[in-house]
Amino acid sequence: MADQSLPKARTPAAPGLPDTEDTTAPAGVSRRRLLTTAGATGLVLGAAGGAVGYAAAPSGATPLASLGEERVPFHVKHQPGITTPAQARGHLVAFDLTAGAGRKEAAALLRRWSDTARRLMAGEPAASGDTDVARDAGPSSLTVTFGFGNSFFARTGLEKQRPVSLDPLPDFSSDRLDKNRSNGDLWVQIGANDALVAFHALRALQKDAGSAARVRWQMNGFNRSPGATAHPMTVRNLMGQVDGTRNPKPTESDFDRRIWVPESGGSDPAWMANGSYVVVRRIRMLLDDWEELSAREQEAVIGRRKSDGAPLSALSGGGETTEMDLEKTDADGNLLVPINAHARITRPDQNGGAAMLRRPFSYHDGFDADGVPDAGLLFICWQADPLRGFVPVQRKLDRGDALSAFVRHEASGLFAVPGGAAEGEYVGQRLLEG
C-alpha cells in the first residue's frame, strides 16, 4: 500500500474524445433517470453531501439526488475507471476463455461487453435480458474497465501481440498467493456510487460472457460514500489510516509518462496506445494484531499521524500534504519517521522515481470460525510499465517494511488495459481485429 492519493483533476482528451474525468455529463432521459428531490440545487463534484435525516447539509454539499445523476462517458481517450474519482462500490472479476473459444469468440465477447458497458454507464438498460435490478436508479458514476491477462494471448493465437510489460510479476517473499484467485485471461473492474447499480453491471457482464468465458474469480470492495464527510478528504483504510497521500496527479508534468502507454514509440504494441498496466493484489489486513498496537505504535509503522495523515516529522502545525522530512530527529537523535516506516519506503524518491496511480477498494468477506475478520485492501495500481512502477516498490517493501507484519498478500494479477474505444468501436478492437 503505497503512500499516494487519488487524483481529482482532469486528463486532457484526444481530439474527438471527451475528457476522462467528465463525470458531470447529464444522464439523459431514460426509464432509470433519478428524479431530482425537492430543493436540490445541482451538482458539485468532489464536495461532501447530506444524507437522509440530516437537519441541514454541510455548506457546499452535494445534493443527494445528484449521486444518481452523475454519468461517466464510455467513449474516452483512456478507459474510464482509472482517473475517475473513486466510487463507493466496486467489483473485480476475472474470466478465462472456455475450451474452444479463441480470437473470434473473444472479439464477439468484447463487442457485447463494450455495448453493455456503454448502455449501463449512460443509465440505460442492457440491450437484452435486463434484470431491472437498477431500474429506479441513474448511472451513479458507473464505470466499467476491461483488461487482458498474459494467458489471453496464447488462447487467442495473438502471442506476437503480447506486450513485454505483461511478463509475469516476480515472486516476493511476503506472497501467500492463491493461484485460483490470481491472474486470468480477461479482467473487468466495475465501480459505482450505488451498490445495486454496481451489481447490475456485474450480473449483466457475467451473463454476456455466455459460452465464451467463465468466471475465474470475483471480489467485492467498497469505499467511503460521497457526502459521508463534511469536506473532501483522502479516504481511510480498514486500519483507520489516511491512505493515499502522495498519489501522482494528472496535473503533474510527468503523470502521462508514468501512467499511460504513449501513442507512438516505446516497446509496447500499437494496440496499447493510451492504455495502462494494472496490478491487482488482494491484501489481507491482520486487524486483530494491528489493533493491539497503541495509536502511537501504529503511527510509527506508517510514518504519519493517524488523526490527519500528517508526517511524523511535522512536530507542530502542518497537515497531510506537508512535505516529509526524512532526516529530522528528536532530542535523542532518533528519526521521527522510522527507517522502516511504510510512508518512507514507498516514496518515489526512495525507489528511483518509481510511481504508480493507486485506486483501491477495501473489502470484508466475513469472519472465520475464531472470529478473525477476512478484511483488507483490494490494491489496484496503474502504471505505464509495471517493471518500473509496482515491482521496484514491492521489492523495497519486501526487504523491510514495518507494515509487512500486519498484512498478507493473498492474490495477484497483472493485466494490460488498452486505451478507450472511440465511437463505433469496442474495447480491444485494435488488438483483436488488427
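Nothing fancy with the numbering, it's 1 onward along the sequence.
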Pro360 to Asn223 - nearest heavy-atom pair and separation: O-ND2, 3.3 Å

Aromatic plane relationship, Phe255 with Trp260 - under 30° parallel, 30 to 60° tilted, over 60° perpendicular: perpendicular

Basic-acidic side-chain contact under 4.0 Å: Arg176, Glu410: no

Separation between CG of Asp365 and CG of Asp368, rounded to the nearest 0.5 Å: 12.0 Å

CA sep, side-chain torsions, deciding dist, call: Val144, Leu120, side-chain contact (heavy atoms from CB on, under 4.5 Å): CA-CA 9 Å; Val144 183; Leu120 299 187; over 6 Å; no

Note, Asn150 side chain near Pro168 side chain (heavy atom, < 4.5 Å): yes

Shortest non-hydrogen contact from Asn193 toward Ala86: OD1-O, 4.4 Å

Close side-chain approach of Val417 and Tyr277, heavy atoms under 4.5 Å: no

Parallel, tilted or perpendicular: ring planes of Phe379 versus Phe390, cut at 30 and 60 degrees: tilted

Close side-chain approach of Leu92 to Leu378, heavy-atom, < 4.5 Å: yes

N-O pairing of Arg119 and Asp130 below 4.0 Å: no

Any donor-acceptor pair under 3.5 Å from Asp268 side chain to Met272 backbone: no

Side chains of Gln429 and Leu110 in contact at under 4.5 Å (non-hydrogen atoms): no

Side-chain donor/acceptor of Lys77 to backbone N/O of Gly419, under 3.5 Å: no

Shortest non-hydrogen separation from Ala355 to Pro348 and the atoms involved: CB-CG, 4.3 Å

Donor-acceptor contact present, side-chain Arg216 to main-chain Ser182, <3.5 Å: yes

pair Phe172-Arg399: side-chain heavy atoms closer than 4.5 Å: no

Charged N-O contact under 4.0 Å between Arg111 and Glu425: no

Residues, nucleotides or ligands: over 12 heavy atoms within 6.0 Å of Arg181 CZ: yes

Minimum-distance pair of heavy atoms, taken over all atoms of Pro386 and Leu414: CG-CD1, 3.9 Å

Arg395 bridged to Asp398 by N-O distance under 4.0 Å: no

Validation row, ring centre Phe95 to ring centre Trp113 under 6.0 Å: yes

Arg430 and Glu263 ion-paired at < 4.0 Å: no

CZ on Arg359 to SG on Cys381, rounded to 0.5 Å: 13.0 Å

Distance (rounded to the nearest 0.5 Å) between Ile345 CD1 and Ser404 OG: 7.5 Å

Val197 backbone acceptor or donor facing Asp194 side chain under 3.5 Å: yes

Chi angles and distances behind the side-chain contact (heavy atoms from CB on, under 4.5 Å) call for His200, Asp132: CA-CA 8 Å; His200 179 244; Asp132 283 341; over 6 Å; no

Test log, rule side-chain contact (heavy atoms from CB on, under 4.5 Å), inputs Val372 and Arg284: CA-CA 11 Å; Val372 177; Arg284 184 168 182 173; 3.9 Å; yes

Pairwise side-chain contact, Val279 with Met356, heavy-atom cut-off 4.5 Å (strictly under): no

salt_bridge(Arg304, Asp243) N-O dist < 4.0 Å: no

Whether over 12 other heavy atoms sit under 6.0 Å from Asp349 CG: yes

Distance, nearest 0.5 Å, that separates CG of Leu403 from CD of Gln298: 10.5 Å

Backbone N/O of His231 and side chain of Thr229: donor-acceptor pair under 3.5 Å: yes

Donor-acceptor under 3.5 Å (His78 side chain, Asn274 main chain): yes

Which donor-acceptor pairs under 3.5 Å do side chains of residues 185-192 form with protein atoms, sequence neighbours excluded?
| unit_1 | atom_1 | unit_2 | atom_2 | d |
| --- | --- | --- | --- | --- |
| Asp185 | OD1 | Ser151 | OG | 2.4 |
| Asp185 | OD2 | Leu97 | N | 2.8 |
| Asp185 | OD2 | Arg155 | NH1 | 2.7 |
| Gln189 | NE2 | Gly81 | O | 2.9 |
| Gln189 | NE2 | Thr145 | OG1 | 3.3 |

Donor-acceptor pair, side chain of Glu291 and main chain of Asp288, under 3.5 angstrom: no

For the student: nearest non-hydrogen atoms of Ala209 and Leu109, plus distance: CA-CD1, 3.6 Å

Working for side-chain contact (heavy atoms from CB on, under 4.5 Å), residues Met239 and Leu287: CA-CA 7 Å; Met239 288 178 162; Leu287 294 178; 4.1 Å; yes

Beyond-backbone contact of Leu158 with Leu431, side-chain heavy atoms, under 4.5 angstrom: yes

Parallel, tilted or perpendicular: rings of Phe148 and Phe152 (30°, 60°): tilted

Donor-acceptor pair, side chain of Asp96 and main chain of Arg214, under 3.5 angstrom: no

Non-hydrogen side-chain atoms of Arg282 and His409 separated by less than 4.5 Å: no

CG-CD1 distance between Leu357 and Ile259, expressed to the nearest 0.5 angstrom: 5.0 Å

Stepwise side chain to side chain donor-acceptor pair (under 3.5 Å) check, Asp385 with Gln383: CA-CA 5 Å; Asp385 183 353; Gln383 56 263 287; over 6 Å; no

Donor on one side chain, acceptor on other, Gln206 and Asp208, under 3.5 Å: no

Shortest non-hydrogen contact from Ala354 toward Val393: CB-CG2, 3.9 Å

Pair Arg203-Thr131, side chain to side chain donor-acceptor pair (under 3.5 Å): steps then yes or no: CA-CA 8 Å; Arg203 178 61 174 147; Thr131 62; over 6 Å; no

Flag, side chain of Gln87 to backbone of Ser141, donor-acceptor distance under 3.5 Å: yes

Donor-acceptor pair, side chain of Asn351 and main chain of Arg347, under 3.5 angstrom: yes

Criterion side chain to side chain donor-acceptor pair (under 3.5 Å) on Thr234 and Glu320, from CA distance to verdict: CA-CA 9 Å; Thr234 307; Glu320 181 186 351; 2.6 Å; yes

Lys/Arg-Asp/Glu bridge criterion (N-O < 4.0 Å) met for Asp115, Arg112: no

Arg236: partners by side chain to side chain donor-acceptor pair (under 3.5 Å), with sequence neighbours left out: none

From CZ (Phe153) to CZ (Arg162), nearest 0.5 Å: 8.0 Å

Results of ring pair (Phe, Tyr, Trp, His ring centres under 6.0 Å) for Phe406 - residues two or more places apart only: Trp290

